[in-house]
Every structure is written in structure tokens, then in C-alpha cells.
Amino acid sequence: GLLSFETEIPHFINIEFPLDYPIIAAFYSNVDIRRAGTISFYETQQPGLLHRATESVHDSFLNAADFEATSLFIATWNGKNFLLYYFKLW
């Protein structure tokens, strides 16, 4: 799913980054948001989570030794399913 704070994204788009507007692409896939489930998000400065995020960036990006997380945006897709397309084969 894509999270946008400037525009509605009413359907799945499959285009290369960067897009023409800022988004958070925590899970860049085709997710069906029309049915059951919830999408929730919050911002935190909880020290334990900031430490975990900082260490994760250090472990993943060799050139980010000076990085230190000061705030986290956490988004959760709970109970959401992939949007499945079924094609009838003849």
C-alpha cells in the first residue's frame, strides 16, 4: 500500500519511483482496502523504538553510520488482503 498525504490514490499503480508526489511506500503492493481490516498509523519518539530503528539503518546502510532516528512514523495494515485478479483461461 502507498500512503499519501497530498492526494488520493484510489487504485493500485505500478510505476517506478520516484512518483510525482511524496508518498510512504511501506508495502508497495496491490492491497484491497475496500473490505475488512484497518489501516492505522502513528508517530512516536519512544526511545526503545528509536534505538531499534537507528540500529536497523546502521545494519542495512553502510554509509549511514551518523544516522540517528529522532522520530518514527509507524503504519500497520491489519487484516488487509492482496487484491486478486482472476483470469478465465480458454
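Basis for what follows: all heavy atoms, side chains included, without hydrogens, waters or symmetry-related copies. Counting begins at 1 with the first residue of the sequence.
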Engineer: Using side-chain contact (heavy atoms from CB on, under 4.5 Å) as the criterion, list what pairs up with Ile74, not counting sequence neighbours.
Structural biologist: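 If we apply the side-chain contact (heavy atoms from CB on, under 4.5 Å) test to Ile74, skipping adjacent residues, the hits are Tyr42, Thr44, Leu49, Leu72, Thr76.
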Engineer: Looking at residues at least two apart in the chain, or sitting in another chain, which of them share a side-chain contact (heavy atoms from CB on, under 4.5 Å) with Glu55?
Structural biologist: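 So Glu55 forms a side-chain contact (heavy atoms from CB on, under 4.5 Å) with His51, His58.
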Engineer: Just jot down the side chain to side chain donor-acceptor pair (under 3.5 Å) partners of Ser56, sequence neighbours excluded, or say none.
Structural biologist: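 Side chain to side chain donor-acceptor pair (under 3.5 Å) list for Ser56, sorted by chain: empty.
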Engineer: Answer with yes or no whether the side chains of Thr70 and Gln45 bring together a donor and an acceptor at under 3.5 Å.
Structural biologist: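 Absent: no donor and acceptor within the cut-off.
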Engineer: So does Ala69 get a backbone contact from the side chain of Thr54, meaning a donor-acceptor N/O pair under 3.5 Å?
Structural biologist: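 Yes: the side chain of Thr54 pairs with the backbone of Ala69.
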Engineer: Taking atom CZ of Phe67 as the centre, does the number of heavy atoms from other residues, nucleotides or ligands within less than 6.0 Å exceed 12?
Structural biologist: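 Above 12, so yes.
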